[in-house]
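Heads up, the thing below is written out as C-alpha cells.
First listed ligand is number 1; within each ligand, the first listed atom is number 1. Since the structure is predicted, the reported quantities are computational estimates derived from the model, not experimental observations.
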Amino acid sequence: MPRPSPAGPVRLGPDARAALRPAVTVIEAGLWHTRREVNARTSIPQGPELLESAGNLHNLRLAAGAAEGEFKGAYPFVDTDVYKWLEAAAWQLGQEPAEELTADVDRITGLVAAAQQPDGYLNTWFQLVKGGERYQDLRWGHELYCAGHLIQAAIAHHRSTGRPELLDVARKFADHVDSVFGPPGSGKPIDGIDGHPEVETALVELYRETGERRYLDLAAYFVDRHGHGLLGGEAYCQDRVPLREATNVEGHAVRQLYLLAAAADLATETGDAGLRAASERLWQAMTTTKTHLTGGLGAHHEEEDFGDPYELPNERAYCETCAAIASVQWSWRMALLTGEARYSDLIERTLFNGFLAGVSLDGERWLYVNPLQVRDGHTDPGGDQSARRTRWFRCACCPPNVMRLFASLEHYLASADDDGLQIHQYVTGSYTGEGITVRGETDYPWHGTVALTVEETPADRPWTLSLRVPQWCRDVRVRCGEETYEGPVTDGWLRLERTWAPGDRVVLELGLEPRLTAADPRVDAVRGCVAIERGPLVYCLEQVDHPGGGLDDIVLDTSRPLAVKHRPDLLGGVTTVVAAGRRRHLPDAGWWPYATADEASHQDGEPIELTAVPYYAWANREDGSMRVWLPTS
Ligand code: FUB
Ligand code: ZN
C-alpha cells in the first residue's frame, strides 16, 4: 500500500495567508491508481535509460570532466529533463521506498553534483557549448528555468527522503543566482529575468523549505520585473506588460502559467493584494476565453502560445501537455489561496482530459501537442509536434513533466482548514488533514457514487466536511445518516457540518448522464458542432471504431438519445457513449470546394452508430482520424 509522503510540491510557509492548507490523500484504487501504477512501474523506471540514450546524462558527465565527446541535444534546457525525472522519482520514493530507484536517483544526483561549478552555477549547454559564457542570452538561455527545475527536484527529494544531497546542490545554485540578480541599486551585477519563468515558483518553495526569506524576495523581484522590457518587451515571454496590469493571459503558454503559479505563491506568502487580484483576473480571463474543452491551453504551434480570445482551433490546437500540467499547478495554488471550488473544477477537467491524454495507456509513448481533431488521411510528419504518440522527443519537456505530476498527484486532491476537510477530487483511498481522516470508495469517473466514511475525527467538536460539486454536475444528492440533501451548493461546495464519529458515512451521488456541450458562439472553430461529455470526461470519436470510412463526413443526430455502455475490454476499461449519426455523402472532389448554401444544406447520408471514447484514451490503437467536436448539420 503506498504511503503518503509528508509534504507535496506546495507546503505553505508559517505566515501564509491561504484559505486552505494541503491535505494528503492516499490513492488506493481506480483510474488514477491504475495510471499512477503505470507511471511508477513503467514510465519512471525507463527514465534513466531514455536520458542516457538522449545524451542528457552524458552531458552531465562531460561537464564534470568525467567523459569525452560532444554535447548531445539541441536545446539549452536539456538538463531539465533530468531534473524533472529526479523530481518524479523523488515523489515516487516518498510513497514507496525502492532500492533500484534509490540507486538510480543517487547515481544521477551524483552526476548533477559533479557537473556543478564551484560557485554554484550549473548548465551543461553553457558550460560546454558556449564556452562558459553566462547570462548573456536571458531571453532564450533558460539558465534560471533550469535552476528552477533543479530546485523543485531537490525539494521533492528532501521532502520525500529527508536527505540533503540534491538540496545542497540546488541551494548552492540558488545562492549563486541570488548573488548575481537584483534590482538596480542592489549592488548585484545583473538586473534581469529569465525568458522562461519557472525559477520564481521554485524559489518560493525553497523559502518554504528552508525558511530563508531572501529566496522569497528574489522570487518577488523576478515576477515583478516581467513586463518592463528587460527581454525586449515581447508578449512571448511575458515581458510586454507587468503582470499586475495584464488583462488576459498571453504569449508562450507554459511560460505564462509558471509565472502565474509564482504570482499565486507570492500572494499566498506575502498577502500581496495586487498579485492576488492579477492572478484571479487572469485565471478568469483564461478560462472564459482561451481554454479548450479539454482544459488544454495554447492555440498556436509556431510560438506555442495563447491566441486571441475565443481563438480555439481544433486540428491546430497546441495544448502542450506541459501547459496542462502548469495549469494544474497554478489552479491548485489558487484553490489554496482563495478556497474557491472553481479552481479545482478546472483541475479536474484538465487532469482527466488535457493532461491524461499526454501519455499512452502503457506509459511508454507521449503526446506533446494535444489536438482536438485529426483529419481523415492526415499524414503526420512525426517529431515533437506530431499528432501521433512518440517514444521520446528532441525537446522532451513533456514526458518527465507528466511523470512528476502523476507521482505527486495525491497532493492536489484535498485540503483542510480550521473548519474541517475539503475534498476536491474523488478517489478510492483516504484523505487526511488536521486530525481528520475520511475514507473514500468510488468507481469515479465511471460511476457517480462516492461513499465517504469518517475514520478519524476530533471527538468533541463539530467540523465541516466540504464536498466539491463539479461545475458540470446538474444532479447532486448526498445521503448522510437518515437524511438526504440536494444542497445547498454554495460556490461549488456542499458543506456538511456535524460532530462526527468514526464510522459515520456520507454517500454522494453525482449524476453522470452523458451530455452534449456547445461552445460560446464566439468560438468560430466549432460553430454548429457539439461535443459529448460525461462527468469530467470529454469524449471523442476515433476512426478505428467507425469502419467503412473516416470522420470528416460524420454528423451527429442530436434528436436521438445518448446511450452509455461500459466496455471493460476496451482501452483498459472505459465507459463509451453511443450516439446516432449519419455519414454524409461528400461532394465529389471538384475544383472548387464550395456550393450555394441551399445546395449545401441538402446533403443526406447513411445512418451510422457512433461510438465515443474518452479523449484521454485516444491514439492508443491504430492511427486514424479523431474528433472531439461533432457537426450537427
Ligand atoms: O522552453 C522549455 C520548454 O520547451 C517549454 O516549456 C516548452 O513549451 C518547450 O518549448
Ligand atoms: Zn512540454
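For Arg281 (side chain) and Asn248 (main-chain N/O), no donor-acceptor pair under 3.5 Å exists by modelled atom type. Listed for the Glu542 side chain is a donor-acceptor partner under 3.5 Å among the backbone atoms of Ala619. Although no hydrogens or angles enter the test, the distance criterion places no donor-acceptor pair under 3.5 Å between the side chain of Asn59 and the main chain of Phe71.
No salt bridge links Asp194 with Arg225; every basic N to acidic carboxylate O contact stays at or beyond 4.0 Å.
Sorted by chain and number, the protein atoms of type N, O or S within less than 2.8 Å of the Zn ion (ligand 2) are Glu320 OE2, Cys322 SG, Cys397 SG, Cys398 SG.
Of the N and O atoms on the side chains of Trp91 and Gln95, not one donor lies less than 3.5 Å from an acceptor on the other residue. A donor-acceptor contact under 3.5 angstrom links the side chains of His252 and Glu304, judged on distance only.
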Measure and list all N/O to N/O distances between ligand 1 and the protein that fall under 3.5 angstrom.
from	atom 1	to	atom 2	distance (Å)
ligand 1	1 (O)	His142	NE2	2.7
ligand 1	6 (O)	His196	NE2	2.7
ligand 1	8 (O)	His252	NE2	2.9
ligand 1	8 (O)	Glu304	OE1	3.1
ligand 1	8 (O)	Glu320	OE1	2.6
ligand 1	8 (O)	Glu320	OE2	3.2
ligand 1	10 (O)	Glu304	OE1	2.6

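None of Tyr539, Trp32, Tyr616, Tyr615 except one satisfies the ring-ring contact (aromatic ring centres under 6.0 Å, His included) rule with Phe352; the exception is Trp32.
Other residues, nucleotides and ligands contribute at most 12 non-hydrogen atoms within 6.0 Å of the NZ atom of Lys130.
Because its NZ or CZ atom is not both nearer than 6.0 Å to the ring centre of Phe126 and within 45° of the ring axis, Arg134 does not count as a cation-pi partner of that residue.
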